[in-house]
Protein chains: 2
Amino acid sequence: MDIPEGVIDRLPKYARALGQLEAEGRDVVSSQELGVRLNITHAQIRKDLSYFGRFGKQGRGYNVQMLLDELRRIVGLNRQWKMALVGVGRLGRAILGYEGFSPQGFRIVAAFDSDPSLIGTRINGLTVKPVADLEKELCDGGADIGIVATPAETAQSVIDSLVRCGVRAILNYAPAFPNVPDGVHVRHIDPVLALQAMTYHLKAGAGPG
Amino acid sequence: MDIPEGVIDRLPKYARALGQLEAEGRDVVSSQELGVRLNITHAQIRKDLSYFGRFGKQGRGYNVQMLLDELRRIVGLNRQWKMALVGVGRLGRAILGYEGFSPQGFRIVAAFDSDPSLIGTRINGLTVKPVADLEKELCDGGADIGIVATPAETAQSVIDSLVRCGVRAILNYAPAFPNVPDGVHVRHIDPVLALQAMTYHLKAGAGPG
DNA sequence: GGGTGTGAATGAGTTCACAGCT
DNA sequence: AGCTGTGAACTCATTCACACCC
């Protein structure tokens, strides 16, 4: 069975909202209420969940704890993921210092850079290694996910290296669109593109859209 | 005429690629070649551009400089945009220090926080102001775009304030999905959600998808 | 009554394929 | 020959609406 990518994108949102509901001590939630929290229609939520099973009770809704457990299992949030960071410039250091990853099970276990003045330095408990050693260090399954925070010019070769090491998921902060083989997933974090997509609407006038 | 959002998202990518081609000294480019650079089909590119006009020459392709100018005009990249940052914690300071905005015409002109120990301090040439003064400071058209880097709990109220000041575009780094009126555009930067959407595929096995 | 699960209907977006220009 | 621009075909995703269950 093939699940639309849009569905996959929403599952973590559901999990996050359910985590909040759990923290609020709620036992049960309806697709309606979940939808209001996330700006998603209730029909959409039920349809999405129906790809994976029947988790609700008619007339009642979903058990918060149970649905949260199911979603964590489906999305793969019930384990630790090891990440390798490439590029320890200004942006890379901010990523290393970000406290939001580890509570969600994402841990940066290696950091690489090409700048000799950075190599060997310790940042947040991690020693920066030369990017030339990336494949040597990582190809024994050292990381599940790659984070690329290099200049655009080097992103493709870095990603090629990561892919050769079996990395099949890449979070790309570089302003570039590298090619990857089938089965490798890339997500782009690009605030400038996000801003530019919005300026189109700002420029166009006050109307919605 | 109503333009699909996916088209709007791709226009800045075209502009970026054309900027690179220009820097490489290229005069002409085909939809085919542009597509290879961006992992977008040539039919898609031609269709996207056709929403706005006829910019190419059959048998030849697109004039790089001319198409770049047109796209900049369409997307609104040919002017300066003023942004207000709310939340000057660890993440907010990284955003203030990011060098990628100003070359693209995006300038942070104000920074707000609720932490008394931050208020009044200068960061990157900007004095941090109390978030309580946001509407007073901004409602005279002080900013076109809001950047929200607060905790999830305060994101909604901050965004409400920004919207009351006429801000119609928000770049949201907070892990929250606030409600905004029609005509206000929100883009979410959420690396954890991006990672979680990928772990679904990692967990599922080695196949593509 | 209230809310789920789901086939059917609708809608949106992408790809095809080709006429037409250079 | 080469490449654009675009209606038509098609694929994919969302919404509707209702049977069914609590």
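Keep in mind it's a predicted model, so treat the numbers as computed, not measured.
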Using only heavy-atom distances, determine whether the side chains of A:Tyr14 and A:Asp48 contain a donor-acceptor pair under 3.5 Å.
yes
For a quick check under 3.5 Å, do B:Asn39 and A:Asn179 share a side-chain donor-acceptor pair by atom type?
yes
Sequence-aligned protein contact record of nucleotides 6-19 of chain C, with B where the base is within under 4.0 Å of a protein heavy atom and S where only the sugar-phosphate is:
BBB----SSB-B--
Charged N to carboxylate O under 4.0 angstrom, A:Glu99 versus A:Arg107?
no
Please determine if B:Lys47 forms a cation-pi arrangement with B:Tyr51, meaning its NZ or CZ atom is less than 6.0 Å from the six-membered ring centre and no more than 45° off the ring axis.
no
Whole angstrom is fine here: how far is it from CG in A:Leu49 over to C1' in C:dT4?
10 Å
Identify the heavy atoms of A:Leu162 and A:Leu134 that sit nearest to each other, and give their distance.
CD2-CD2, 4.0 Å
Tell me the closest heavy-atom pair linking B:Pro191 and A:Leu171, and the distance in Å.
CB-CD2, 4.0 Å
State whether a side-chain donor-acceptor pair under 3.5 Å links A:Glu5 with B:His201.
yes
Considering only heavy atoms of chain B and a distance under 4.0 Å, specify the first and last nucleotide of DNA chain D in 5' to 3' order that meet this criterion.
D:dG2 to D:dA8
Check the distance between C:dG2's P and A:Glu33's CD and give it to me in whole angstrom.
15 Å
Scan side-chain atoms only and decide if A:Ser31 and A:Arg46 contain a donor-acceptor pair under the 3.5 Å cut-off.
yes
